[in-house]
Amino acid sequence: MSRAGTDADPVTAPWRQTEITLTGVRDHANPYTDVDVWADFTHESGTVLRRPAFWDGGRVWKIRFASPEPAGRWTWRSDSNCLTDEGLSGRSGTLDVRPTPDDGDSFHRHGFWRMSPGGRSLVHADGTPALLVADTAWALPWRATEEQVTQYAADRRAKGFNAALLMSVQPDMDARGPRDRTADEGFDVGFEDLPTGHVNVLNPAYFQYLDRLTGILRDHGIVPVLQPLFHGFGWKGLRVAGPVVPPQEYARYCRYLVARYGAAPTVYLVGADGEGGEPQIAAGGSEIGRWDGYRQPCGIHYRPHSTNRAHQSESWLHFQWCQTGHMGGHVQERVADMWRNTPPKAIANGEPTYENTGRPGRAAGWWQGHEAWSNLCAGGTMGVVYGAASLWQWRLHSDEPGHEDHFLAEHAGWREALDYEGSHHVGRVSRILDGLPLTDMRPDWRSTLAPRGLSVPGELYLCYAEEGGPLIITDPENVPLPYRVVDPRTGATVREGVRATAGDPVPDEGGAPRVYICHAPRGS
């Protein structure tokens with residue numbers, strides 16, 4: 001262990017994960033369930049941040065930490081509920097934080113994501129606006145190899161995605177197959193006792209591999225959206241563990257995820273594909289809120305037939321995500337309805353129809369772009385989410401058996417599904433809106449004769465029109481004069497300028513999808 005005042009003090013940079021290893025001096029019957037370890041980090045300014053540790057096999061516990069302070073010295077000290085193990089309690093050390101040159105990573109430059117002051121959108125820790133543009137790769141953690149994830153992440157980054165929805169472990173209690181990521185119906189195992197409805201016997205090797213997969217994603221600017229245990233369909237619909245696992249076990253696993261993955265960019269999806277009131281969700285959400293000192297986003301993703309407002313007033317809940325089913329319908333009223341729930345939480349459609357699900361052409365191509373822009377402008381201001389059939393299951397190849405036909409894409413494994421046209425349209429949303437002041441933008445039905453719009457009063461007006469055409473201004477005080485008209489199918493700016501007067505329309509010839517961006521930088 002390093003000690004304060006020595007030349008051996010470790011040096012790190014702000015918002016970079018650093019790891020401290022603790023080694024116990026004795027064996028424990030079940031280290032994962034029986035031993036709690038944590039450390040308090042105290043900055044020279046007086047800031048204190050507590051980080052939980054995680055068991056990593058044998059007598060090893062690890063603490064991961066990232067400095068939210070740009071510079072200075074941190075002193076840390078460990079503690080545990082096992083005071084007789086001096087390898088875990090009372091250990092101490094220091095970390096020196098020094099600024100480093102900009103490496104182009106927005107999270108290193110601006111800090112992790114958190115919720116905006118009004119709770120409606122994402123911002124980085126320094127207040128820089130952010131927009132989630134996520135893909136749905138649910139089965140990647142237990143099916144994909146490092147080589148595959150490198151290929152996947154490069155593709156998604158090139159298209160503009162910055163997040164991926166992941167089931168952290170295979171959730172179906174009755175799923176069977178070889179423990180082999182390269183074999184038909186094979187999958188790796190995070191908990192040996194999950195088939196019995198428990199998560200007490202953790203497999204450290206599984207999570208060590210998941211470390212590498214999430215590291216690849218993050219290296220490509222893709223934030224893991226980690227879901228502990230699904231509450232709905234799961235991987236194959238074979239009795240998910242989420243509603244069965246005792247709440248205290250669910251909460252312990254949520255804490256483990258915070259410990260293992262929470263010192264790097266992360267989003268916590270504490271409930272998924274359920275109705276929201278399952279006791280595991282409240283237990284897990286409270287545990288995340290208690291242990292995540294970085295205040296990274298935590299929320300719920302619902303099944304299609306749900307009211308989408310469970311735990312609305314809880315402080316640990318930051319966002320609510322609807323799901324509009326897989327029948328190929330545009331259902332933006334679900335998003336608009338959720339916006340009205342109070343207290344305010346961020347909203348997104350976390351699962352529109354997967355592209356080519358069930359039959360060729362369903363929800364394919366520009367359908368996905370229209371869905372993304374319509375959901376965003378209906379009030380889904382946290383961001384947009386895309387999904388491709390056969391990719392979300394990480395189907396190894398087009399003939400792999402054992403999956404539900406209704407959710408597959410015909411003649412496609414994960415690699416073929418990676419190339420579906422709709423992914424280009426959804427990923428492009430981030431490119432078109434990059435650099436705009438999106439923080440806490442709100443649905444705006446009054447400022448123009450547009451189907452749906454968003455505004456930051458006096459600074460930004462944004463809307464999408466399926467058929468384009470001149471944008472008629474009805475509230476001149478609220479729509480900035482400078483404008484840009486974008487074809488969202490290509491990302492090309494087709495017209496830009498400054499309107500002569502506040503009442504002039506934004507010009508466009510019509511006949512094609514258009515995104516209108518009226519932006520006047522603050523103080524201009």
Side-chain angles (χ1 to χ4, degrees), residues 121 129 131 133 159-161 329-333 335-336 348-349 352 355 363-381 383-386 421-438 441-521:
S121 62
L131 183 77
V133 180
K159 289 174 179 171
F161 288 92
H330 297 296
V331 197
Q332 281 75 41
E333 59 265 29
V335 172
N349 184 351
E355 189 165 12
W366 175 244
W367 188 100
Q368 295 288 339
H370 174 80
E371 175 76 357
W373 286 104
S374 298
N375 278 310
L376 180 72
C377 291
T381 52
V384 297
V385 180
Y386 166 80
E421 178 191 344
S423 62
H424 292 273
H425 298 309
V426 180
R428 197 172 286 121
V429 172
S430 67
R431 307 288 196 222
I432 293 172
L433 300 182
D434 184 46
L436 292 173
L438 307 176
M441 55 187 176
R442 302 180 58 85
D444 183 343
W445 304 88
R446 294 171 52 88
S447 294
T448 72
L449 291 179
R452 300 187 188 278
L454 299 167
S455 68
V456 178
E459 189 174 0
L460 175 69
Y461 178 79
L462 164 70
C463 74
Y464 164 70
E466 186 176 5
E467 296 295 331
L471 182 66
I472 307 302
I473 310 300
T474 54
D475 185 357
E477 298 299 319
N478 200 43
V479 181
L481 297 176
Y483 67 85
R484 179 162 54 101
V485 183
V486 177
D487 183 342
R489 300 167 302 176
T490 65
T493 296
V494 297
R495 193 182 295 269
E496 63 183 325
V498 179
R499 293 179 294 124
T501 69
D504 288 346
V506 176
D508 182 67
E509 66 278 9
R514 292 290 184 259
V515 170
Y516 305 85
I517 301 169
C518 300
H519 174 218

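We number each residue from 1, following the sequence as shown.
With hydrogens and angles ignored, the 3.5 Å screen pairs no side-chain donor or acceptor of Arg484 with any backbone N or O of Val515. Put simply, the side chain of Gln332 never gets that close to the backbone of Ala378: no donor and acceptor are under 3.5 Å apart. Side chain of Asp434 to main chain of Arg431: no donor-acceptor pair is present (N/O by atom type, distance under 3.5 Å, no hydrogens or angles).
Considering only heavy atoms from C-beta on, Glu371 stays 4.5 Å or farther from His425 through its side chain. Between Ile432 and Trp373, the closest side-chain pair of non-hydrogen atoms falls below 4.5 Å. Here the side chains of Val133 and Tyr386 are not in contact, with every heavy-atom distance at 4.5 Å or above. Residues Lys159 and Ser430 fail the side-chain proximity criterion, which asks for heavy atoms closer than 4.5 Å. Side-chain contact between Ile517 and Leu460 is present, with at least one heavy-atom pair separated by less than 4.5 Å.
Listed here is the closest heavy atom pair of Gly469 and Asp508: N-OD2, 2.8 Å. Contact record, Pro482 with Ala520: CD-CB, 4.4 Å, taken as the closest heavy-atom pair. Taking each heavy atom of Gly383 and Leu131 in turn, the nearest pair found is CA-CD1, 3.6 Å. Taking both residues in full, the closest heavy atoms of Gly365 and Glu355 are given as N-OE2, 2.7 Å, listed atom of the first, atom of the second, then distance. Here the closest heavy-atom approach between residue Pro443 and residue Gly379 is recorded as CG-CA, 3.8 Å. The shortest heavy-atom contact between Asn478 and Tyr461 is O-CB, 4.5 Å.
Within the model, atoms CZ of Arg452 and CG of Asn375 stand 8.5 Å from one another, a figure rounded to the nearest 0.5 Å. To the nearest 0.5 Å, atoms CG (Leu481) and CD1 (Ile473) are separated by 9.5 Å. Separating the CG atom in Asp475 from the CZ atom in Arg446 is a distance of 6.5 Å, to the nearest 0.5 Å. Within the model, atoms OG of Ser447 and CG of Leu471 stand 9.5 Å from one another, a figure rounded to the nearest 0.5 Å. Rounded to the nearest 0.5 Å, atoms OH (Tyr516) and CG (Leu462) are 12.0 Å apart. With rounding to the nearest 0.5 angstrom, the CG atom of Leu454 is 11.5 Å from the CG atom of Leu436.
The side chain to side chain contact (heavy atoms under 4.5 Å, CB included) test with Val335 singles out one residue from Leu376, Asn349, Thr381, and that residue is Asn349.
With sequence neighbours excluded, the residues that form a ring pair (Phe, Tyr, Trp, His ring centres under 6.0 Å) with His370 are His330, Tyr464. Remark: Asp487 pairs with Arg489, Arg514 by the salt bridge (charged side-chain N to carboxylate O under 4.0 Å, His left out) rule, at least two apart or across chains. Listed by chain and number, the residues in a ring pair (Phe, Tyr, Trp, His ring centres under 6.0 Å) with Trp445 amount to none (sequence neighbours excluded).
Counting heavy atoms of neighbouring residues, nucleotides and ligands inside a 6.0 Å radius, atom CD of Glu477 does not exceed 12 of them.
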